[in-house]
Amino acid sequence: MLDACAELLDEAGYEALSTTRIAERAGVAIGSVYQFFPDKRAITQELTRRNVEEFVRRVDRRFLEEDYRGWWEAVDAIIDIYVDMHRTVSGFKSLHFGDVVDLNLLDSDSDNNTVIAGRLRGLFLKEFGLADSAALDLAVLVAVEAGDAVLKLAFRRDPDGDPEIIDAAKHLIRGFLSRQLKSWSPH
């Protein structure tokens with residue numbers, strides 16, 4: 001059902017989505033949909049959770065498989081994962097991290113980008129030994145928000161993501177974080 005939902009989102013968008021269309025695409029009775037999900041919002045929420053888990057899994061796997069000279073290379077890798085998912089994961093380009101459906105989808109007390117920033121902050125603390133501080137929290141949150149906005153622009157301008165804007169997003173985030181994390185700046 002989640003795969004059917006993702007395909008329909010890519011084809012027609014959230015407004016055209018319905019539980020009936022999801023059931024038809026998934027080849028299940030409408031009662032089966034309602035057994036697990038009360039409405040289309042609940043299905044898209046679960047799809048968003050799945051996408052976020054996949055994003056975090058991909059980031060974790062990349063951190064395990066590759067050695068980075070510093071956090072700035074990790075930032076580029078994280079952006080590359082986001083761009084790849086936008087291009088290849090059904091439903092991701094429609095939902096991103098749930099902002100289309102619910103800004104507090106992942107945690108009722110924090111908006112979705114704050115949750116993503118917290119997870120990335122944890123990776124930076126673990127992998128690069130950055131000092132835990134309120135300043136780091138704020139820096140990573142601002143970087144996630146800025147990156148999210150600029151990457152959305154890249155995909156509005158080009159369905160595959162405007163390469164110049166994607167590159168600009170990397171430079172913007174690295175530059176911002178370099179100023180915030182002076183002792184860990186790239187040389």
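Counting all heavy atoms, side chain and backbone alike, F63 lies closest to A74 at CZ-CB, 3.5 Å. The two residues A154 and I166 come nearest to each other via the heavy atoms CB-CG1, 3.9 Å. In plain terms, the two heavy atoms of V142 and F176 that are nearest each other are CG1-CZ, 3.5 Å. For I173 against G147, the heavy-atom pair with the smallest separation is CD1-CA, 3.4 Å. Of all non-hydrogen atoms in L172 and V150, the two that sit nearest each other are CD2-CG2, 3.9 Å. Between L95 and T44, the closest heavy-atom pair is CD1-O, 3.8 Å.
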Show me the donor-acceptor pairs within less than 3.5 Å that the side chains of residues 1-8 make with the rest of the protein, sequence neighbours left out.
unit_1 : atom_1 : unit_2 : atom_2 : d
D3     : OD1    : R50    : NH1    : 3.0
D3     : OD1    : R50    : NH2    : 2.9
E7     : OE1    : R25    : NH1    : 3.1

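Contact annotation: the side chain of D80 approaches that of K170 to within less than 4.5 Å [non-hydrogen atoms, C-beta and beyond]. Using a 4.5 Å cut-off on side-chain heavy atoms (C-beta onward), R58 and V89 make contact.
Remark: R57 engages E54 in a salt bridge, criterion side-chain N to carboxylate O under 4.0 Å.
Considering CE of M85 and CG of N51, their distance stands at 5.0 Å, rounded to 0.5 Å. Rounding to the nearest 0.5 Å gives a distance of 6.5 Å between CD1 of I81 and CZ of F55. To the nearest 0.5 Å, atom CZ of residue F92 and atom CG of residue L47 are 10.5 Å apart. Of the inter-residue distances, the one linking R61 atom CZ with E66 atom CD reads 11.0 Å to the nearest 0.5 angstrom. Of the inter-residue distances, the one linking T88 atom OG1 with K93 atom NZ reads 10.5 Å to the nearest 0.5 angstrom. The structure places CG of L9 at 10.0 Å from CZ of R21, a figure rounded to the nearest 0.5 Å.
In terms of hydrophobic clustering, with Ile, Leu, Val, Met, Phe, Trp and Tyr side chains grouped at heavy-atom distances under 4.5 Å, L153 and Y82 are assigned to different clusters. I165 and V83 fall into different hydrophobic clusters, defined by Ile, Leu, Val, Met, Phe, Trp and Tyr side-chain heavy atoms under 4.5 Å apart, directly or through other members.
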_Show, in sequence, the C-alpha distance, side-chain angles and deciding distance for T19 and Y34, and conclude whether the side chain to side chain contact (heavy atoms under 4.5 Å, CB included) test is met._
CA-CA 8 Å; T19 53; Y34 288 122; 2.7 Å; yes
*Begin from the C-alpha positions of D76 and R174 and carry the test side chain to side chain contact (heavy atoms under 4.5 Å, CB included) through to its verdict.*
CA-CA 8 Å; D76 286 357; R174 278 188 260 135; 2.9 Å; yes
*What do the steps show when you test R49 against E46 for salt bridge (charged side-chain N to carboxylate O under 4.0 Å, His left out), and what is the final call?*
CA-CA 5 Å; R49 280 187 195 90; E46 189 58 34; 3.5 Å; yes
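Counted within 6.0 Å of CZ on R157, heavy atoms from surrounding residues, nucleotides or ligands total 12 or fewer; the atom is thus considered open. The local environment of CD in E164 is sparse, with at most 12 non-hydrogen atoms from other residues, nucleotides or ligands closer than 6.0 Å.
Under the 30°/60° scheme for interplanar angles, the aromatic rings of F155 and H86 are found to lie parallel.
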